[in-house]
Amino acid sequence: MAQIIDGKAFAADVRQKVKKYVNRIKETHGITPGLAVVLVGEDPASQVYVRNKGKQTLEVGMNSFEHKLDKTCSEEVLLSLINDLNLDPNVHGILCQLPLPDHMNENLVINSISPEKDVEGFHISNGGLLSTGQSSMVPCTPLGCLLLLRNHLGDLTGKSAVVVGRSNIVGKPMASLLLKDSCTVTIAHSRTMNITEVCSKADILVAAVGRPEMIKGDWIKPGATVIDVGINRIPAPEKEENKTRIVGDVHFESCERVAGGITPVPGGVGPMTIACLLANTVTAFCREKGLEPPSEITV
Ligand code: GUN
């Protein structure tokens with residue numbers, strides 16, 4: 001049976017390190033790092049995410065600035081707010097919750113965030129820096145996966161890694177990070193032929209396709225490390241009528257019997273995303289002040 005990779009505990013450990021570092025910054029520089037979160041509209045899932053981000057930002061001792069705009073507000077108003085945050089010396093990180101309303105151009109908005117304050121690493125310039133192996137702000141979820149992998153396996157050099165999923169937010173940056181750590185990397189996706197065979201070669205398998213329980217136990221190389229990024233809500237009639245439950249992109253029960261290590265859903269990658277957002281805010285602060293960011297929470 002695979003060892004369960006406890007992302008919840010590891011994320012708490014990352015937050016603890018961030019908190020310690022934030023305290024040190026406050027003592028030595030008399031400044032409190034700050035994270036601004038922008039939410040446009042009232043999407044219920046986005047409201048939950050934003051609330052959790054704000055709460056955890058305060059818990060590590062940083063300032064949290066929440067900006068809520070009406071879903072009918074113009075793109076110009078949003079761009080003007082982002083411009084103000086770019087110039088605000090109390091704001092070291094900026095996050096704009098997605099999705100944005102249909103009348104807004106998501107790429108334009110994301111690329112209006114100052115790259116140095118882009119703590120989610122979505123700006124085109126951070127994407128370019130990461131893919132060319134240069135220091136950048138790194139997207140939070142792939143960063144969380146990498147920290148879990150390093151913690152579980154140690155040095156990743158020479159390992160065969162398969163990333164299932166090619167999104168700009170997870171799949172592509174994950175592949176860049178694994179390549180930087182000297183893995184042999186394959187990106188597979190919904191159109192990959194013989195995907196079962198491709199996955200069966202992986203020492204490290206990262207699943208980020210958004211298809212509930214797609215990856216089965218007989219796809220997995222015995223002893224492989226399986227990282228499940230998926231968060232899918234599916235019907236759970238076994239619980240009660242109209243009830244749902246959350247599953248990953250990996251069929252946990254069958255994969256757990258074959259893998260060497262596996263992240264559960266929930267409690268695996270999920271909690272790492274916000275922990276890495278906080279870590280990135282500290283990194284952004286350090287870079288602005290010319291300080292060395294703490295090595296255990298940066299790449
Ligand atoms: N919407 C859903 N997840 C995320 C996230 O991690 N960041 C942003 N900005 N928007 C999201």
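All ligand and atom numbering here is 1-based and tracks the order in the structure.
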Checklist entry - Do Glu120 and ligand 1 have an N or O pair less than 3.5 Å apart? => result yes
Item to check | Side-chain H-bond candidate by donor/acceptor type, Thr273 with Thr141, under 3.5 Å | outcome: yes
Next on the checklist: Please check whether Gln97 reaches ligand 1 - meaning an N/O of the residue sits under 3.5 Å from an N/O of the ligand, judged on distance alone.
Outcome noted: yes
Checklist outcome for this item: On a heavy-atom basis, the closest approach of His189 and Thr192 is N-OG1, 2.7 Å
Item to check | Side-chain cluster (under 4.5 Å, hydrophobic types only) that Ile195 belongs to, other residues | outcome: Ile4, Val162, Val164, Val198, Leu205, Val209, Met214, Ile215, Trp219, Ile220, Val226, Val250, Phe252, Val258, Ile262
Checklist outcome for this item: In ligand 1, the atoms that come under 4.0 Å of a heavy atom of Cys96 are 9 (N)
For residues 35-47, please give each side-chain donor-acceptor pair under 3.5 Å, one per line with the distance, not counting sequence neighbours.
{"unit_1": "Asp43", "atom_1": "OD2", "unit_2": "Ser46", "atom_2": "N", "d": "3.0"}
{"unit_1": "Asp43", "atom_1": "OD2", "unit_2": "Ser46", "atom_2": "OG", "d": "2.9"}

Checklist entry - Which one of Val38, Ile274, Thr141, Leu98 has a non-hydrogen atom at the shortest distance from atom 1 (N) of ligand 1? => result Leu98
